[in-house]
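All remarks here apply to the structure that follows.
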2 protein chains.
Amino acid sequence: MSDAYVHGYRPRENERLSDQAGTLVELLHADTAYPPKAAVLEAGCGVGAQTVTLAARSPDARFTSVDVSADSVARARDRVGSAGLTNVELRHADIFDLPFAAESFDHVFVCFVLEHLARPVEALATLARLLAPGGSMTVIEGDHGSAYFHPDSAAAHAAIDCQVQLQAAAGGNALIGREVYPLIVAAGLDAVRVRPRMVYVDASRPELIDGFTRKTFTAMIEGVREPAIAAGLIDAPGLDAGVRALHRTTEADGVFCYTFFKGVGTKASHGER
Amino acid sequence: MSDAYVHGYRPRENERLSDQAGTLVELLHADTAYPPKAAVLEAGCGVGAQTVTLAARSPDARFTSVDVSADSVARARDRVGSAGLTNVELRHADIFDLPFAAESFDHVFVCFVLEHLARPVEALATLARLLAPGGSMTVIEGDHGSAYFHPDSAAAHAAIDCQVQLQAAAGGNALIGREVYPLIVAAGLDAVRVRPRMVYVDASRPELIDGFTRKTFTAMIEGVREPAIAAGLIDAPGLDAGVRALHRTTEADGVFCYTFFKGVGTKASHGER
(Lines give C-alpha, C1' and ligand atoms only; values in the text may rest on other atoms or scores of the structure.)
Protein backbone atom coordinates (compact mmCIF):
# COMPACT_ATOMS: atom_id res chain seq x y z
CA MET A 1 0.00 0.00 0.00
CA SER A 2 2.26 2.74 -1.26
CA ASP A 3 -0.35 5.49 -1.65
CA ALA A 4 0.38 8.70 0.23
CA TYR A 5 -2.23 9.45 2.89
CA VAL A 6 -3.70 12.73 1.67
CA HIS A 7 -5.01 13.89 5.04
CA GLY A 8 -1.52 13.72 6.55
CA TYR A 9 -0.57 12.57 10.02
CA ARG A 10 -0.52 15.86 11.93
CA PRO A 11 -1.95 16.14 15.46
CA ARG A 12 -4.69 18.46 14.17
CA GLU A 13 -5.71 15.81 11.65
CA ASN A 14 -5.94 13.25 14.44
CA GLU A 15 -8.19 15.63 16.33
CA ARG A 16 -10.35 15.99 13.24
CA LEU A 17 -10.71 12.23 12.95
CA SER A 18 -11.74 12.04 16.60
CA ASP A 19 -14.37 14.74 16.12
CA GLN A 20 -15.60 12.95 13.05
CA ALA A 21 -15.96 9.62 14.79
CA GLY A 22 -17.56 11.22 17.85
CA THR A 23 -20.20 13.00 15.81
CA LEU A 24 -20.94 10.22 13.39
CA VAL A 25 -20.83 7.21 15.67
CA GLU A 26 -24.56 6.62 15.73
CA LEU A 27 -25.07 7.35 12.05
CA LEU A 28 -22.27 5.09 10.86
CA HIS A 29 -21.99 2.35 13.44
CA ALA A 30 -25.31 1.89 15.26
CA ASP A 31 -26.15 -1.16 13.15
CA THR A 32 -22.76 -2.88 13.46
CA ALA A 33 -22.35 -5.42 16.26
CA TYR A 34 -20.42 -8.69 16.28
CA PRO A 35 -21.32 -11.78 18.33
CA PRO A 36 -19.28 -13.17 21.24
CA LYS A 37 -16.00 -14.84 20.20
CA ALA A 38 -16.26 -13.57 16.61
CA ALA A 39 -12.83 -12.81 15.12
CA VAL A 40 -13.01 -9.42 13.40
CA LEU A 41 -10.32 -7.87 11.21
CA GLU A 42 -10.33 -4.08 11.04
CA ALA A 43 -8.24 -3.24 7.97
CA GLY A 44 -6.80 0.29 8.02
CA CYS A 45 -7.58 1.32 11.60
CA GLY A 46 -5.60 4.57 11.42
CA VAL A 47 -5.36 6.22 14.85
CA GLY A 48 -8.15 4.02 16.20
CA ALA A 49 -11.04 6.45 15.86
CA GLN A 50 -13.42 3.70 14.71
CA THR A 51 -11.65 0.93 16.62
CA VAL A 52 -12.74 2.11 20.07
CA THR A 53 -16.36 2.39 18.92
CA LEU A 54 -16.36 -1.01 17.27
CA ALA A 55 -14.69 -2.79 20.17
CA ALA A 56 -16.85 -1.12 22.82
CA ARG A 57 -20.03 -2.03 20.95
CA SER A 58 -19.05 -5.69 20.60
CA PRO A 59 -17.21 -6.31 23.89
CA ASP A 60 -17.16 -10.10 23.52
CA ALA A 61 -15.85 -10.14 19.96
CA ARG A 62 -12.06 -10.15 19.36
CA PHE A 63 -10.68 -7.45 17.08
CA THR A 64 -7.44 -7.45 15.13
CA SER A 65 -6.83 -3.91 13.88
CA VAL A 66 -4.05 -3.22 11.39
CA ASP A 67 -2.68 -0.13 9.71
CA VAL A 68 0.13 0.59 7.26
CA SER A 69 1.45 3.43 9.45
CA ALA A 70 3.42 2.33 12.51
CA ASP A 71 2.85 5.72 14.10
CA SER A 72 -0.92 5.44 13.66
CA VAL A 73 -0.87 1.95 15.13
CA ALA A 74 0.98 3.29 18.19
CA ARG A 75 -1.60 6.05 18.63
CA ALA A 76 -4.44 3.57 18.16
CA ARG A 77 -2.87 1.31 20.80
CA ASP A 78 -2.76 4.24 23.26
CA ARG A 79 -6.34 5.08 22.48
CA VAL A 80 -7.60 1.53 22.92
CA GLY A 81 -5.68 1.34 26.22
CA SER A 82 -7.11 4.66 27.43
CA ALA A 83 -10.59 3.39 26.64
CA GLY A 84 -9.92 0.35 28.83
CA LEU A 85 -10.62 -2.05 25.98
CA THR A 86 -8.97 -5.47 26.16
CA ASN A 87 -10.51 -7.11 23.09
CA VAL A 88 -8.30 -5.43 20.47
CA GLU A 89 -4.95 -6.59 19.13
CA LEU A 90 -3.11 -3.93 17.10
CA ARG A 91 -0.70 -4.87 14.31
CA HIS A 92 1.45 -2.88 11.93
CA ALA A 93 0.78 -4.37 8.49
CA ASP A 94 -0.07 -3.64 4.88
CA ILE A 95 -3.52 -4.62 3.59
CA PHE A 96 -1.88 -6.17 0.51
CA ASP A 97 0.52 -8.29 2.59
CA LEU A 98 -1.25 -9.30 5.77
CA PRO A 99 0.32 -11.96 8.02
CA PHE A 100 -2.90 -13.96 8.45
CA ALA A 101 -4.06 -17.33 7.16
CA ALA A 102 -6.87 -17.63 4.64
CA GLU A 103 -10.35 -17.81 6.16
CA SER A 104 -9.04 -16.87 9.61
CA PHE A 105 -11.60 -14.11 10.34
CA ASP A 106 -15.35 -14.24 10.79
CA HIS A 107 -15.82 -10.62 9.75
CA VAL A 108 -13.87 -7.83 8.08
CA PHE A 109 -14.45 -4.12 8.65
CA VAL A 110 -13.01 -1.41 6.34
CA CYS A 111 -13.81 2.24 7.06
CA PHE A 112 -12.41 5.34 5.29
CA VAL A 113 -9.64 3.25 3.70
CA LEU A 114 -10.59 2.52 0.08
CA GLU A 115 -10.68 6.25 -0.68
CA HIS A 116 -6.87 6.23 -0.29
CA LEU A 117 -6.11 3.17 -2.42
CA ALA A 118 -5.36 2.99 -6.14
CA ARG A 119 -6.60 -0.62 -6.27
CA PRO A 120 -9.68 -0.79 -4.04
CA VAL A 121 -11.18 -3.94 -5.62
CA GLU A 122 -7.89 -5.83 -5.22
CA ALA A 123 -7.76 -4.70 -1.57
CA LEU A 124 -11.26 -6.02 -0.89
CA ALA A 125 -10.56 -9.26 -2.78
CA THR A 126 -7.40 -9.76 -0.70
CA LEU A 127 -9.37 -9.18 2.49
CA ALA A 128 -12.15 -11.49 1.27
CA ARG A 129 -9.66 -14.38 1.16
CA LEU A 130 -9.08 -13.92 4.91
CA LEU A 131 -12.79 -14.24 5.54
CA ALA A 132 -14.32 -17.56 6.57
CA PRO A 133 -17.24 -18.77 4.44
CA GLY A 134 -20.45 -17.16 5.65
CA GLY A 135 -18.52 -14.23 7.09
CA SER A 136 -19.38 -10.59 6.43
CA MET A 137 -17.43 -7.67 5.01
CA THR A 138 -18.47 -4.14 5.99
CA VAL A 139 -17.23 -1.12 4.02
CA ILE A 140 -17.83 2.55 4.85
CA GLU A 141 -16.71 5.45 2.66
CA GLY A 142 -17.59 9.13 2.23
CA ASP A 143 -18.11 10.90 -1.11
CA HIS A 144 -17.13 14.54 -1.57
CA GLY A 145 -19.39 14.78 -4.60
CA SER A 146 -22.29 14.34 -2.17
CA ALA A 147 -21.51 17.70 -0.53
CA TYR A 148 -23.98 20.46 -1.34
CA PHE A 149 -25.22 23.34 0.72
CA HIS A 150 -27.12 26.58 1.07
CA PRO A 151 -26.10 29.21 0.22
CA ASP A 152 -24.56 27.49 -2.77
CA SER A 153 -21.05 28.72 -3.61
CA ALA A 154 -18.76 28.16 -6.58
CA ALA A 155 -15.82 29.10 -4.32
CA ALA A 156 -16.71 26.36 -1.84
CA HIS A 157 -17.01 23.79 -4.63
CA ALA A 158 -13.62 24.89 -5.99
CA ALA A 159 -12.02 24.43 -2.57
CA ILE A 160 -13.61 20.98 -2.18
CA ASP A 161 -12.36 20.10 -5.65
CA CYS A 162 -8.78 20.78 -4.46
CA GLN A 163 -9.19 17.99 -1.92
CA VAL A 164 -10.61 15.71 -4.64
CA GLN A 165 -7.69 16.47 -6.98
CA LEU A 166 -5.03 16.04 -4.28
CA GLN A 167 -6.51 12.70 -3.28
CA ALA A 168 -6.60 11.61 -6.94
CA ALA A 169 -2.97 12.70 -7.40
CA ALA A 170 -2.06 10.52 -4.40
CA GLY A 171 -3.74 7.54 -6.09
CA GLY A 172 -7.01 7.75 -4.16
CA ASN A 173 -10.60 8.71 -4.90
CA ALA A 174 -12.56 11.16 -2.76
CA LEU A 175 -15.72 10.33 -4.72
CA ILE A 176 -15.61 6.61 -3.92
CA GLY A 177 -18.62 6.43 -1.59
CA ARG A 178 -21.09 6.04 -4.46
CA GLU A 179 -19.03 3.07 -5.70
CA VAL A 180 -19.22 0.98 -2.54
CA TYR A 181 -21.84 -1.35 -4.02
CA PRO A 182 -20.02 -2.18 -7.29
CA LEU A 183 -16.68 -2.46 -5.44
CA ILE A 184 -17.94 -5.06 -2.96
CA VAL A 185 -19.67 -6.97 -5.76
CA ALA A 186 -16.49 -6.88 -7.89
CA ALA A 187 -14.50 -8.28 -4.94
CA GLY A 188 -16.66 -11.40 -5.15
CA LEU A 189 -18.96 -11.00 -2.16
CA ASP A 190 -22.62 -11.94 -2.19
CA ALA A 191 -25.90 -10.47 -0.97
CA VAL A 192 -24.38 -7.00 -1.04
CA ARG A 193 -26.57 -4.32 0.51
CA VAL A 194 -25.58 -0.65 0.66
CA ARG A 195 -27.40 1.87 2.83
CA PRO A 196 -26.34 5.49 2.49
CA ARG A 197 -25.97 7.58 5.66
CA MET A 198 -26.78 11.18 4.87
CA VAL A 199 -25.58 13.87 7.24
CA TYR A 200 -28.11 16.69 7.02
CA VAL A 201 -27.27 19.86 8.93
CA ASP A 202 -29.49 22.88 9.50
CA ALA A 203 -29.87 25.37 12.36
CA SER A 204 -32.09 22.95 14.30
CA ARG A 205 -29.10 20.59 14.65
CA PRO A 206 -26.40 22.64 16.40
CA GLU A 207 -24.37 19.57 17.41
CA LEU A 208 -23.89 18.70 13.73
CA ILE A 209 -23.11 22.30 12.75
CA ASP A 210 -20.20 22.22 15.14
CA GLY A 211 -19.25 18.56 15.02
CA PHE A 212 -19.69 17.92 11.33
CA THR A 213 -19.86 21.05 9.15
CA ARG A 214 -17.20 22.97 11.07
CA LYS A 215 -14.91 20.46 12.75
CA THR A 216 -15.09 17.60 10.27
CA PHE A 217 -15.79 18.76 6.74
CA THR A 218 -14.65 22.38 6.70
CA ALA A 219 -11.62 21.51 8.85
CA MET A 220 -10.65 18.89 6.27
CA ILE A 221 -10.85 21.43 3.45
CA GLU A 222 -8.89 23.96 5.50
CA GLY A 223 -6.34 21.18 6.01
CA VAL A 224 -5.47 21.02 2.31
CA ARG A 225 -4.82 24.78 2.09
CA GLU A 226 -1.05 24.56 1.88
CA PRO A 227 -0.70 21.49 -0.36
CA ALA A 228 -3.44 22.78 -2.70
CA ILE A 229 -1.73 26.16 -3.08
CA ALA A 230 1.69 24.49 -3.41
CA ALA A 231 0.32 22.22 -6.15
CA GLY A 232 -1.01 25.24 -8.04
CA LEU A 233 -4.62 24.01 -7.82
CA ILE A 234 -5.89 27.28 -6.33
CA ASP A 235 -4.55 30.55 -4.95
CA ALA A 236 -4.77 31.57 -1.30
CA PRO A 237 -7.66 34.03 -1.73
CA GLY A 238 -9.59 31.41 -3.67
CA LEU A 239 -9.14 28.72 -1.05
CA ASP A 240 -9.94 31.14 1.76
CA ALA A 241 -13.12 32.30 -0.01
CA GLY A 242 -14.20 28.68 -0.32
CA VAL A 243 -13.61 28.03 3.37
CA ARG A 244 -15.53 31.20 4.30
CA ALA A 245 -18.42 30.04 2.12
CA LEU A 246 -18.45 26.69 3.92
CA HIS A 247 -18.55 28.51 7.28
CA ARG A 248 -21.38 30.63 5.90
CA THR A 249 -23.52 27.48 5.65
CA THR A 250 -23.40 27.25 9.47
CA GLU A 251 -25.45 30.43 9.93
CA ALA A 252 -29.13 30.37 10.91
CA ASP A 253 -30.42 30.04 7.32
CA GLY A 254 -27.66 27.70 6.15
CA VAL A 255 -27.84 24.02 5.26
CA PHE A 256 -25.09 21.47 4.69
CA CYS A 257 -25.46 17.95 3.24
CA TYR A 258 -22.98 15.09 2.96
CA THR A 259 -23.42 11.35 2.50
CA PHE A 260 -21.46 8.32 3.66
CA PHE A 261 -22.10 4.92 2.11
CA LYS A 262 -22.10 1.75 4.21
CA GLY A 263 -22.16 -1.61 2.47
CA VAL A 264 -22.18 -5.17 3.77
CA GLY A 265 -21.47 -8.29 1.73
CA THR A 266 -21.27 -11.96 2.64
CA LYS A 267 -18.71 -14.56 1.61
CA ALA A 268 -20.48 -17.54 0.10
CA SER A 269 -20.32 -20.78 2.08
CA HIS A 270 -18.38 -23.60 0.42
CA GLY A 271 -20.36 -25.03 -2.45
CA GLU A 272 -22.84 -22.18 -2.37
CA ARG A 273 -21.60 -20.47 -5.47
CA MET B 1 -48.84 32.63 -9.96
CA SER B 2 -47.63 33.50 -13.44
CA ASP B 3 -44.61 31.21 -13.57
CA ALA B 4 -44.54 28.82 -16.52
CA TYR B 5 -44.64 25.18 -15.45
CA VAL B 6 -41.31 23.92 -16.73
CA HIS B 7 -42.30 20.25 -16.91
CA GLY B 8 -45.19 21.04 -19.27
CA TYR B 9 -48.64 19.51 -19.27
CA ARG B 10 -48.23 16.74 -21.83
CA PRO B 11 -49.73 13.27 -21.30
CA ARG B 12 -46.25 11.77 -21.06
CA GLU B 13 -45.42 14.21 -18.29
CA ASN B 14 -48.55 13.16 -16.42
CA GLU B 15 -47.44 9.57 -16.75
CA ARG B 16 -44.05 10.53 -15.38
CA LEU B 17 -45.64 12.16 -12.35
CA SER B 18 -47.67 9.00 -11.73
CA ASP B 19 -44.59 6.80 -11.91
CA GLN B 20 -42.82 9.18 -9.60
CA ALA B 21 -45.58 9.14 -7.01
CA GLY B 22 -45.98 5.36 -7.27
CA THR B 23 -42.32 4.70 -6.68
CA LEU B 24 -41.78 7.28 -4.00
CA VAL B 25 -44.97 6.94 -2.00
CA GLU B 26 -43.42 5.17 0.95
CA LEU B 27 -40.29 7.29 1.00
CA LEU B 28 -42.10 10.61 0.83
CA HIS B 29 -45.46 10.02 2.50
CA ALA B 30 -45.25 7.12 4.95
CA ASP B 31 -45.00 9.52 7.90
CA THR B 32 -47.85 11.83 6.84
CA ALA B 33 -51.30 11.04 8.23
CA TYR B 34 -54.02 13.43 9.35
CA PRO B 35 -56.57 12.74 12.10
CA PRO B 36 -60.33 12.28 11.55
CA LYS B 37 -62.19 15.49 10.64
CA ALA B 38 -58.96 17.45 10.11
CA ALA B 39 -59.31 20.07 7.34
CA VAL B 40 -56.26 19.80 5.08
CA LEU B 41 -55.34 22.19 2.26
CA GLU B 42 -53.21 20.70 -0.51
CA ALA B 43 -51.76 23.70 -2.32
CA GLY B 44 -50.65 22.94 -5.89
CA CYS B 45 -52.13 19.46 -6.37
CA GLY B 46 -51.31 19.28 -10.08
CA VAL B 47 -52.84 16.18 -11.68
CA GLY B 48 -53.50 14.65 -8.26
CA ALA B 49 -50.51 12.32 -8.08
CA GLN B 50 -49.98 13.07 -4.36
CA THR B 51 -53.66 13.78 -3.67
CA VAL B 52 -54.79 10.17 -4.03
CA THR B 53 -52.01 8.98 -1.72
CA LEU B 54 -52.71 11.63 0.91
CA ALA B 55 -56.47 11.13 0.89
CA ALA B 56 -56.26 7.33 0.95
CA ARG B 57 -53.85 7.41 3.89
CA SER B 58 -56.07 9.72 5.94
CA PRO B 59 -59.55 8.53 4.94
CA ASP B 60 -61.33 10.42 7.72
CA ALA B 61 -59.62 13.77 7.09
CA ARG B 62 -61.15 16.23 4.59
CA PHE B 63 -58.89 17.50 1.82
CA THR B 64 -59.23 20.64 -0.24
CA SER B 65 -56.83 20.40 -3.17
CA VAL B 66 -56.20 23.41 -5.39
CA ASP B 67 -54.13 24.07 -8.48
CA VAL B 68 -53.53 27.06 -10.75
CA SER B 69 -54.15 24.93 -13.87
CA ALA B 70 -57.82 24.22 -14.59
CA ASP B 71 -56.80 21.31 -16.80
CA SER B 72 -54.71 19.75 -14.03
CA VAL B 73 -57.61 20.18 -11.59
CA ALA B 74 -59.90 18.35 -14.04
CA ARG B 75 -57.43 15.49 -14.33
CA ALA B 76 -56.96 15.37 -10.57
CA ARG B 77 -60.75 15.22 -10.15
CA ASP B 78 -60.94 12.22 -12.54
CA ARG B 79 -58.13 10.54 -10.68
CA VAL B 80 -59.66 11.05 -7.26
CA GLY B 81 -62.96 9.73 -8.62
CA SER B 82 -61.31 6.67 -10.18
CA ALA B 83 -59.66 5.95 -6.85
CA GLY B 84 -63.09 5.98 -5.20
CA LEU B 85 -62.07 8.71 -2.78
CA THR B 86 -64.87 10.90 -1.39
CA ASN B 87 -62.87 13.02 1.04
CA VAL B 88 -61.33 15.42 -1.50
CA GLU B 89 -62.76 18.67 -2.82
CA LEU B 90 -60.91 20.01 -5.88
CA ARG B 91 -60.77 23.74 -6.63
CA HIS B 92 -59.19 25.78 -9.40
CA ALA B 93 -57.33 28.59 -7.61
CA ASP B 94 -54.06 30.49 -7.35
CA ILE B 95 -51.94 30.02 -4.21
CA PHE B 96 -51.53 33.80 -3.98
CA ASP B 97 -55.29 34.45 -4.18
CA LEU B 98 -57.06 31.60 -2.45
CA PRO B 99 -60.79 31.88 -1.70
CA PHE B 100 -60.48 30.72 1.91
CA ALA B 101 -60.81 32.48 5.26
CA ALA B 102 -57.83 32.97 7.56
CA GLU B 103 -57.18 30.06 9.93
CA SER B 104 -59.68 27.83 8.13
CA PHE B 105 -57.40 24.78 7.76
CA ASP B 106 -55.87 22.50 10.36
CA HIS B 107 -52.99 21.49 8.09
CA VAL B 108 -51.38 22.58 4.84
CA PHE B 109 -49.50 20.28 2.45
CA VAL B 110 -47.24 21.59 -0.35
CA CYS B 111 -45.38 19.10 -2.53
CA PHE B 112 -43.25 19.84 -5.66
CA VAL B 113 -44.72 23.36 -5.87
CA LEU B 114 -42.17 25.83 -4.45
CA GLU B 115 -39.64 24.76 -7.10
CA HIS B 116 -41.86 26.51 -9.67
CA LEU B 117 -42.43 29.78 -7.79
CA ALA B 118 -40.40 32.96 -7.93
CA ARG B 119 -41.57 33.93 -4.42
CA PRO B 120 -41.60 30.73 -2.37
CA VAL B 121 -41.45 32.42 1.06
CA GLU B 122 -44.40 34.67 0.21
CA ALA B 123 -46.33 31.60 -0.96
CA LEU B 124 -45.69 29.79 2.31
CA ALA B 125 -46.51 32.91 4.37
CA THR B 126 -49.79 33.28 2.47
CA LEU B 127 -50.63 29.66 3.15
CA ALA B 128 -49.61 30.04 6.82
CA ARG B 129 -52.34 32.66 7.26
CA LEU B 130 -54.91 30.03 6.28
CA LEU B 131 -53.61 27.72 8.98
CA ALA B 132 -55.29 27.55 12.39
CA PRO B 133 -53.02 28.07 15.40
CA GLY B 134 -51.33 24.80 16.29
CA GLY B 135 -51.72 23.52 12.73
CA SER B 136 -48.91 22.03 10.67
CA MET B 137 -47.41 22.87 7.32
CA THR B 138 -45.66 20.10 5.37
CA VAL B 139 -43.37 20.94 2.45
CA ILE B 140 -41.67 18.45 0.09
CA GLU B 141 -39.23 19.44 -2.65
CA GLY B 142 -36.54 17.74 -4.72
CA ASP B 143 -33.08 19.16 -5.45
CA HIS B 144 -31.34 18.47 -8.75
CA GLY B 145 -27.99 19.38 -7.20
CA SER B 146 -28.39 16.26 -5.08
CA ALA B 147 -28.11 14.04 -8.18
CA TYR B 148 -24.85 12.17 -8.48
CA PHE B 149 -24.08 8.76 -9.91
CA HIS B 150 -21.62 6.12 -11.03
CA PRO B 151 -20.16 6.18 -13.56
CA ASP B 152 -19.85 9.93 -13.16
CA SER B 153 -20.41 11.89 -16.38
CA ALA B 154 -19.88 15.52 -17.32
CA ALA B 155 -22.40 15.04 -20.15
CA ALA B 156 -25.08 13.89 -17.70
CA HIS B 157 -24.41 16.87 -15.42
CA ALA B 158 -24.63 19.21 -18.44
CA ALA B 159 -28.02 17.74 -19.41
CA ILE B 160 -29.30 18.07 -15.83
CA ASP B 161 -28.06 21.66 -15.79
CA CYS B 162 -30.32 22.39 -18.78
CA GLN B 163 -33.32 21.48 -16.64
CA VAL B 164 -31.97 23.70 -13.81
CA GLN B 165 -31.48 26.64 -16.19
CA LEU B 166 -34.89 26.26 -17.86
CA GLN B 167 -36.58 26.15 -14.47
CA ALA B 168 -34.65 29.25 -13.36
CA ALA B 169 -35.60 31.06 -16.59
CA ALA B 170 -39.26 30.27 -15.81
CA GLY B 171 -38.83 31.87 -12.37
CA GLY B 172 -38.35 28.63 -10.44
CA ASN B 173 -35.51 26.87 -8.67
CA ALA B 174 -34.66 23.20 -9.29
CA LEU B 175 -32.15 23.32 -6.40
CA ILE B 176 -34.73 24.35 -3.81
CA GLY B 177 -34.86 21.13 -1.79
CA ARG B 178 -31.87 22.09 0.35
CA GLU B 179 -33.65 25.34 1.22
CA VAL B 180 -36.81 23.81 2.67
CA TYR B 181 -35.69 24.49 6.26
CA PRO B 182 -34.86 28.20 5.84
CA LEU B 183 -37.96 28.75 3.67
CA ILE B 184 -40.38 27.35 6.27
CA VAL B 185 -38.62 29.30 9.02
CA ALA B 186 -38.75 32.51 6.95
CA ALA B 187 -42.50 31.99 6.44
CA GLY B 188 -42.91 32.31 10.21
CA LEU B 189 -43.55 28.72 11.26
CA ASP B 190 -42.15 27.20 14.43
CA ALA B 191 -40.53 23.94 15.48
CA VAL B 192 -39.40 23.33 11.92
CA ARG B 193 -37.93 19.90 11.32
CA VAL B 194 -36.57 18.77 7.96
CA ARG B 195 -35.79 15.14 7.20
CA PRO B 196 -34.17 14.41 3.84
CA ARG B 197 -35.39 11.41 1.85
CA MET B 198 -32.54 10.03 -0.19
CA VAL B 199 -33.32 7.79 -3.14
CA TYR B 200 -30.38 5.43 -3.48
CA VAL B 201 -30.42 3.12 -6.50
CA ASP B 202 -28.06 0.24 -7.25
CA ALA B 203 -28.48 -3.12 -9.00
CA SER B 204 -29.94 -4.69 -5.87
CA ARG B 205 -32.95 -2.37 -6.18
CA PRO B 206 -34.43 -3.09 -9.64
CA GLU B 207 -37.79 -1.44 -8.82
CA LEU B 208 -35.99 1.87 -8.25
CA ILE B 209 -33.83 1.48 -11.35
CA ASP B 210 -36.98 1.32 -13.42
CA GLY B 211 -39.32 3.47 -11.36
CA PHE B 212 -36.94 6.21 -10.36
CA THR B 213 -33.72 6.39 -12.39
CA ARG B 214 -35.36 5.59 -15.74
CA LYS B 215 -38.98 6.63 -15.56
CA THR B 216 -38.74 9.55 -13.17
CA PHE B 217 -35.38 11.29 -13.30
CA THR B 218 -34.02 10.39 -16.74
CA ALA B 219 -37.49 10.79 -18.29
CA MET B 220 -37.63 14.31 -16.84
CA ILE B 221 -34.26 15.21 -18.38
CA GLU B 222 -35.33 13.67 -21.71
CA GLY B 223 -38.44 15.83 -21.42
CA VAL B 224 -36.48 19.08 -21.65
CA ARG B 225 -34.65 17.99 -24.83
CA GLU B 226 -36.54 20.25 -27.20
CA PRO B 227 -36.86 23.37 -25.04
CA ALA B 228 -33.19 23.09 -23.98
CA ILE B 229 -32.01 22.85 -27.58
CA ALA B 230 -34.41 25.63 -28.66
CA ALA B 231 -33.06 27.86 -25.88
CA GLY B 232 -29.50 27.27 -27.07
CA LEU B 233 -28.48 25.72 -23.75
CA ILE B 234 -27.07 22.57 -25.37
CA ASP B 235 -26.96 20.87 -28.77
CA ALA B 236 -28.79 17.65 -29.62
CA PRO B 237 -25.70 15.38 -29.46
CA GLY B 238 -24.80 16.91 -26.07
CA LEU B 239 -28.23 16.35 -24.58
CA ASP B 240 -28.43 12.84 -26.01
CA ALA B 241 -25.00 11.96 -24.60
CA GLY B 242 -26.16 13.13 -21.19
CA VAL B 243 -29.30 11.01 -21.36
CA ARG B 244 -27.26 7.98 -22.46
CA ALA B 245 -24.94 8.53 -19.49
CA LEU B 246 -27.92 8.59 -17.14
CA HIS B 247 -29.18 5.31 -18.64
CA ARG B 248 -25.65 3.92 -18.18
CA THR B 249 -26.08 4.30 -14.41
CA THR B 250 -28.83 1.66 -14.56
CA GLU B 251 -26.40 -1.11 -15.56
CA ALA B 252 -25.22 -3.77 -13.10
CA ASP B 253 -22.32 -1.68 -11.73
CA GLY B 254 -24.17 1.64 -11.81
CA VAL B 255 -25.44 3.75 -8.92
CA PHE B 256 -27.81 6.72 -8.87
CA CYS B 257 -28.50 9.06 -5.95
CA TYR B 258 -31.11 11.80 -5.52
CA THR B 259 -32.56 13.48 -2.44
CA PHE B 260 -35.95 14.95 -1.62
CA PHE B 261 -36.40 17.18 1.42
CA LYS B 262 -39.49 16.99 3.60
CA GLY B 263 -40.06 19.66 6.22
CA VAL B 264 -42.81 20.19 8.77
CA GLY B 265 -43.45 23.40 10.71
CA THR B 266 -46.12 24.39 13.22
CA LYS B 267 -48.11 27.59 13.47
CA ALA B 268 -47.75 29.01 16.97
CA SER B 269 -50.88 28.98 19.14
CA HIS B 270 -52.26 32.40 20.05
CA GLY B 271 -50.06 34.03 22.65
CA GLU B 272 -47.35 31.43 22.21
CA ARG B 273 -44.96 33.69 20.33
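All values below come from the heavy atoms of this structure, side chains included, with hydrogens, waters and symmetry mates left out. Order of the sequence lines fixes the chain letters, A, B, ..., with proteins taken first and strands second; residue numbering starts at 1 for each chain.
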Mind listing the donor-acceptor pairs under 3.5 Å that bridge chain A and chain B?
residue  : atom : partner  : partner atom : Å
A:Phe149 : O    : B:Arg178 : NH1          : 3.1
A:Arg178 : NH1  : B:Phe149 : O            : 3.1
A:Val194 : O    : B:Arg205 : NH2          : 2.5
A:Arg205 : NH2  : B:Val194 : O            : 2.5

Does any backbone or side-chain atom of A:Val185 lie under 4.5 Å from a heavy atom of chain B? Answer side chain, backbone, both or neither. neither
When B:Ala147, B:Pro151, B:Ala203, B:Gly145 are compared by non-hydrogen pairs under 4.5 Å with chain A, the top option: B:Ala203
Which residues satisfy the side-chain contact (heavy atoms from CB on, under 4.5 Å) test with B:Ala33, sequence neighbours excluded? B:Ser58
So for A:Ala191, is it side chain, backbone, both, or neither that comes closer than 4.5 Å to the heavy atoms of chain B? neither
Need one label for B:Val192: side chain, backbone, both or neither, based on atoms under 4.5 Å from any heavy atom in chain A. backbone
Atom group of A:Phe149 that falls short of 4.5 Å from chain B, counting heavy atoms: backbone
Any idea which of A:Leu175, A:Val194, A:Val180, A:Leu183 has the most non-hydrogen atom pairs under 4.5 angstrom with chain B? A:Val194
